[in-house]
Amino acid sequence: MDPYLTAKWLHILSSTVLFGTGMGTAFQMVWAMRTGRVETIHSVASGVVVADWIFTAPAGLIQPLTGLWLAHLAGWPLTAPWLLLTYALYLLALACWLPVVHLQIRIRNLAGEALTKGQPLPDQARRLYRIWFALGWPAFAALVGVFWLMVSKPDFVF
């Protein structure tokens, strides 16, 4: 198979996994938190943490590697303005995702402790969830911007 098509296919596939898993796990976490049920929150948060390690993390690593491979194969300079903006947006998404993973683990653990003790979800878990929720929006917007840049490859100068 042509190396460019292979790189492009891997890049598209990993971006689909990255974006799709992010949207899916975010929806599940929001839906679980809305129930207020400790059992549901613990179960869903546990699944979300696992999904991030199995799907999101590998796809997130593959994305920049295949992106650089594509740029090399296509002959794009790595300092093209649209690529520089892509890097910045990708780093913004990463900067939001890293604390989100930590927050999900803490929410899962707090829900697990409450479940074991037969107590309601602690207020701390709800506070962490609000931070988690707020961090999701800039990450989402950044990845939408990356998709637009990948498709349009605009010719602009900063």
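Numbers here are sequence positions counted from 1.
Taking every heavy atom of both residues into account, P64 and Y90 meet most closely at CD-OH, 3.5 Å. Closest non-hydrogen pair, A134 versus P138, comes out as O-CD, 3.0 Å. Contact between A139 and C96 at its shortest, heavy atoms only, is CB-CB, 3.8 Å. Nearest heavy-atom pair, I41 versus A32, reported as atom, atom and distance to 0.1 Å: CG1-O, 3.4 Å. Here the closest non-hydrogen pair linking W97 and A57 is CH2-CB, 4.0 Å.
For the pair L149 and Y87, the minimum side-chain heavy-atom distance is 4.5 Å or more. Side-chain atoms of L89 and L85, non-hydrogen and from C-beta on, do get closer than 4.5 Å to each other. The closest side-chain heavy-atom distance from W69 to L65 is not below 4.5 Å. The side-chain heavy atoms of L121 and M33, taken from C-beta on, include a pair separated by under 4.5 Å.
Its side chain within the 4.5 Å cluster rule, V17 clusters with V50, I54, F55 among the Ile, Leu, Val, Met, Phe, Trp and Tyr residues.
Under the 4.5 Å side-chain heavy-atom criterion for Ile, Leu, Val, Met, Phe, Trp and Tyr, L68 and W9 are members of the same hydrophobic cluster. In terms of hydrophobic clustering, with Ile, Leu, Val, Met, Phe, Trp and Tyr side chains grouped at heavy-atom distances under 4.5 Å, L143 and L10 are assigned to different clusters. Connection of L78 to V146 is established within a shared hydrophobic cluster, with ILVMFWY side chains joined at heavy-atom distances below 4.5 Å, either directly or through further cluster members. Under the 4.5 Å side-chain contact rule for hydrophobic residues, V30 and I131 share a cluster. When hydrophobic clusters are built by joining Ile, Leu, Val, Met, Phe, Trp and Tyr residues whose side-chain heavy atoms come closer than 4.5 Å, directly or via intermediates, M150 is grouped together with L70.
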Practice problem: For W82 and D155, run side-chain contact (heavy atoms from CB on, under 4.5 Å): C-alpha distance rounded to whole Å, both residues' side-chain angles, the deciding distance at 0.1 Å, then the answer. | Solution: CA-CA 7 Å; W82 71 274; D155 189 20; over 6 Å; no

Quiz item: So W31 and T40, side-chain contact (heavy atoms from CB on, under 4.5 Å) or not? Walk me through it.
Solution: CA-CA 9 Å; W31 202 255; T40 302; over 6 Å; no

Practice problem: Take M29 and I107 through the test side-chain contact (heavy atoms from CB on, under 4.5 Å) and record every step on the way to the result. | Solution: CA-CA 10 Å; M29 191 74 154; I107 293 166; 4.0 Å; yes

Practice problem: Please report the C-alpha distance between T79 and L83 in whole Å, then the side-chain angles of each, then the deciding distance to 0.1 Å, and finally whether the side-chain contact (heavy atoms from CB on, under 4.5 Å) criterion is met. | Solution: CA-CA 6 Å; T79 57; L83 282 174; over 6 Å; no

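Rounding to the nearest 0.5 Å places CZ of R108 at 12.5 Å from CG of L103. Here CD of E113 is found 9.5 Å from CD of Q119. Values are rounded to the nearest 0.5 Å. Taking CZ from F147 and OG1 from T16, the interatomic distance works out to 6.0 Å, rounded to the nearest 0.5 Å.
Although no hydrogens or angles enter the test, the distance criterion places no donor-acceptor pair under 3.5 Å between the side chain of T21 and the main chain of L18.
Using bins of under 30°, 30° to 60° and over 60° for the plane-to-plane angle, the ring pair W137/F133 lands in the perpendicular bin.
With a 6.0 Å radius and a threshold of 12 heavy atoms from other residues, nucleotides or ligands, W76 has its CH2 atom above the threshold.
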